[in-house]
Protein chains: 2
Amino acid sequence: MLKNYSAEDKVLLAVDCIIFGFDNEDLKILLIKRDFEPEKGKWSLIGGFLKKNETLDNAATRILHRLTGVHNIYMEQFYAYSEVDRDPVERTISVSYYALINIENHNEELSEHFNAKWFSLSKAPKLIFDHNEMLEKAIRRLQRKARIKPIGFELLPEKFTMLQLQKLYEAILNKKIDKRNFINKINSLDILIKLDEKDMTSSTKGSFLYKFDQEKYDDKLMSDFYIKL
Amino acid sequence: MLKNYSAEDKVLLAVDCIIFGFDNEDLKILLIKRDFEPEKGKWSLIGGFLKKNETLDNAATRILHRLTGVHNIYMEQFYAYSEVDRDPVERTISVSYYALINIENHNEELSEHFNAKWFSLSKAPKLIFDHNEMLEKAIRRLQRKARIKPIGFELLPEKFTMLQLQKLYEAILNKKIDKRNFINKINSLDILIKLDEKDMTSSTKGSFLYKFDQEKYDDKLMSDFYIKL
DNA sequence: TCAAAAGTGTTTATAGTACACCCATGG
DNA sequence: CCATGGGTGTACTATAAACACTTTTGA
């Protein structure tokens with residue numbers, strides 16, 4: 001007996017991308033203004049449909065690039081949304097992906113002919129369909145991740161100050177962190193290299209710049225740890 | 001402009017269920033022998049296709065029940081597999097779910113006219129398609145979960161001994177745990193009720209039975225903690 | 001000289017880890 | 001009376017948390 005696959009229902013499979021960025025102050029999310037019905041003119045996650053001959057990972061990368069110009073981003077899949085009426089036009093299941101990117105590194109790509117725009121999380125507009133739910137879940141995922149893996153490499157410029165890194169953690173975890181405890185914790189992880197340079201823009205005294213020690217950082221990514229902050 | 005959804009590719013969407021059970025000794029996985037081509041006669045996860053008018057959660061529940069008789073199980077979705085050739089017959093994306101169940105509670109349901117069988121993780125056969133990969137990922141997910149959430153309620157009988165609970169954690173984490181440290185840790189979580197009864201089957205002295213304090217257990221489920229064992 | 005951010009350590013509290021002996025009972 | 005699993009506590013170590021003052025320098 002060969003099972004009759006042709007008797008099974010086929011559906012549209014979409015991918016929606018939740019792209020987080022950081023501007024040294026707030027955690028931001030990249031959204032686009034829809035230029036087609038339904039919900040034309042409303043804000044939406046970056047999404048599109050899976051094609052027959054690509055994986056979901058490929059689709060996410062392709063769609064992100066098509067709609068925003070951003071490329072070379074590692075995205076992580078996190079949940080499939082399947083409410084029957086989630087898309088009013090036709091039955092569509094959506095698999096969501098999220099990524100962290102450095103806003104500055106991608107500003108040129110995000111040029112004007114794309115309808116994409118960064119929003120602070122606290123000022124994000126209402127989104128179409130179940131996209132707000134996706135965003136909420138992605139934030140929770142990101143917060144959990146920040147506690148068990150080092151994070152920051154993707155969101156900060158190559159060289160950054162301790163205060164920038166701390167602000168990033170504060171933005172993700174949405175809470176104030178004690179400066180001394182933060183520095184002690186980060187130093188104990190042993191993933192930063194302290195440079196000789198100082199950033200002079202933020203104060204008269206200037207603050208030392210750091211960069212990630214790629215090798216040690218990658219090691220830590222492999223093995224879980226727990227940051228309680 | 002109304003976007004032409006009809007130009008988009010549709011695909012088959014499958015659900016595969018990774019069902020973990022525990023027999024007081026080993027962590028086990030429920031598999032079925034396929035009774036149709038391709039790969040007829042080989043062992044497989046419990047899977048089937050999503051129908052047009054159900055959510056993925058519904059599909060997982062329906063498929064599990066259809067193929068094994070097991071019902072009333074809460075499953076958690078965890079990953080979508082989309083390699084282009086993962087199913088040789090036709091392009092199929094599969095969303096995997098996992099659940100923990102108490103083997104004893106479901107033995108009657110798992111009657112003979114189903115082709116389902118429990119395998120110890122260490123003795124699980126080679127599975128079809130990418131199902132081994134799904135199983136590996138599910139185990140890692142379960143291990144991570146066991147470290148940040150209380151676990152056991154679903155896998156143990158209503159009344160159980162400390163040793164049973166410890167064996168469960170040892171099976172999931174795949175390591176020996178010190179008895180005293182384990183008891184101290186579990187007691188500090190404050191989710192068990194010690195009963196007056198003893199289980200006399202395991203030793204001459206008998207060992208006290210416990211049950212989960214449903215309310216406190218549910219509270220702990222909400223807020224993450226960290227068990228390092 | 002002073003405003004503004006950088007930098008720096010210690011103490012206390014909590015949680016994790018390692019470890020070994022006596023107890024109760026049925027056979 | 002002894003074999004078997006049940007039950008119990010303490011000392012040590014590591015990590016987390018709370019907390020405040022001095023330094024630098026450009027304006």
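A, B, ... follow the sequence lines: proteins, then strands. Residue 1 opens every chain.
Taking atom NZ on B:Lys176 and atom C1' on C:dC19, their separation rounds to 17 Å, with Å as the unit. As rounded to whole Å, 14 Å separates atom C1' of C:dT25 from atom CZ of B:Phe208. Straight-line distance from the CD1 atom of B:Ile183 to the P atom of D:dG6: 9 Å, rounded to whole Å. As rounded to whole Å, 12 Å separates atom P of D:dA17 from atom CG of A:Leu173. Between the C1' atom of D:dT8 and the CG atom of B:Asn187 lies a distance of 11 Å, rounded to the nearest Å.
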Going by atom type alone, with no hydrogens or angles, which donor-acceptor pairs under 3.5 Å involve a side-chain atom of residues 76-83 of chain B and a protein atom two or more places apart or on another chain?
unit_1  : atom_1 : unit_2   : atom_2 : d
B:Glu76 : OE1    : B:Lys145 : NZ     : 3.0
B:Gln77 : OE1    : B:Tyr97  : OH     : 3.4
B:Ser82 : OG     : A:Leu56  : N      : 2.8

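Not a single ring pair (Phe, Tyr, Trp, His ring centres under 6.0 Å) links B:Trp118 to another residue, sequence neighbours left out. Residues satisfying the ring pair (Phe, Tyr, Trp, His ring centres under 6.0 Å) test with A:Phe153, not counting sequence neighbours, are A:Phe212, A:Tyr217. In this view, A:Lys220 satisfies the salt bridge (Lys or Arg N to Asp or Glu O under 4.0 Å) rule with no residue, not counting sequence neighbours. Listed by chain and number, the residues in a salt bridge (Lys or Arg N to Asp or Glu O under 4.0 Å) with B:Glu39 are B:Lys42 (sequence neighbours excluded). Taking B:Thr55 as the reference, B:Asn58 meet the side-chain hydrogen bond (donor to acceptor under 3.5 Å, both in side chains) condition, with sequence neighbours excluded. In terms of the side-chain hydrogen bond (donor to acceptor under 3.5 Å, both in side chains) criterion, residue partners of A:Asp26 (sequence neighbours excluded) are, by chain and number, A:Ser120.
Screening B:Ile46, B:Ile19, B:Ile73 for a side-chain contact (heavy atoms from CB on, under 4.5 Å) involving B:Thr68 leaves a single residue, B:Ile46.
Side-chain to base pairing of B:Asn181 with C:dA18: one donor and one acceptor N or O lie within less than 3.5 Å of each other.
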Check the interface with nucleotides 25-27 of chain D: list each N/O to N/O pair with the protein under 3.5 Å, or write none.
unit_1 : atom_1 : unit_2   : atom_2 : d
D:dT25 : O2     : A:Thr204 : OG1    : 2.9

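Note on B:Lys185: every side-chain N or O is 4.0 Å or more away from OP1 and OP2 of C:dA15.
Closest-nucleotide positions on DNA chain D for B:Ser202 and B:Asn184 were compared, and the one nearer the 5' end corresponds to B:Ser202.
Within residues 158-167 of chain B, no residue has any heavy atom under 4.0 Å from DNA chain C.
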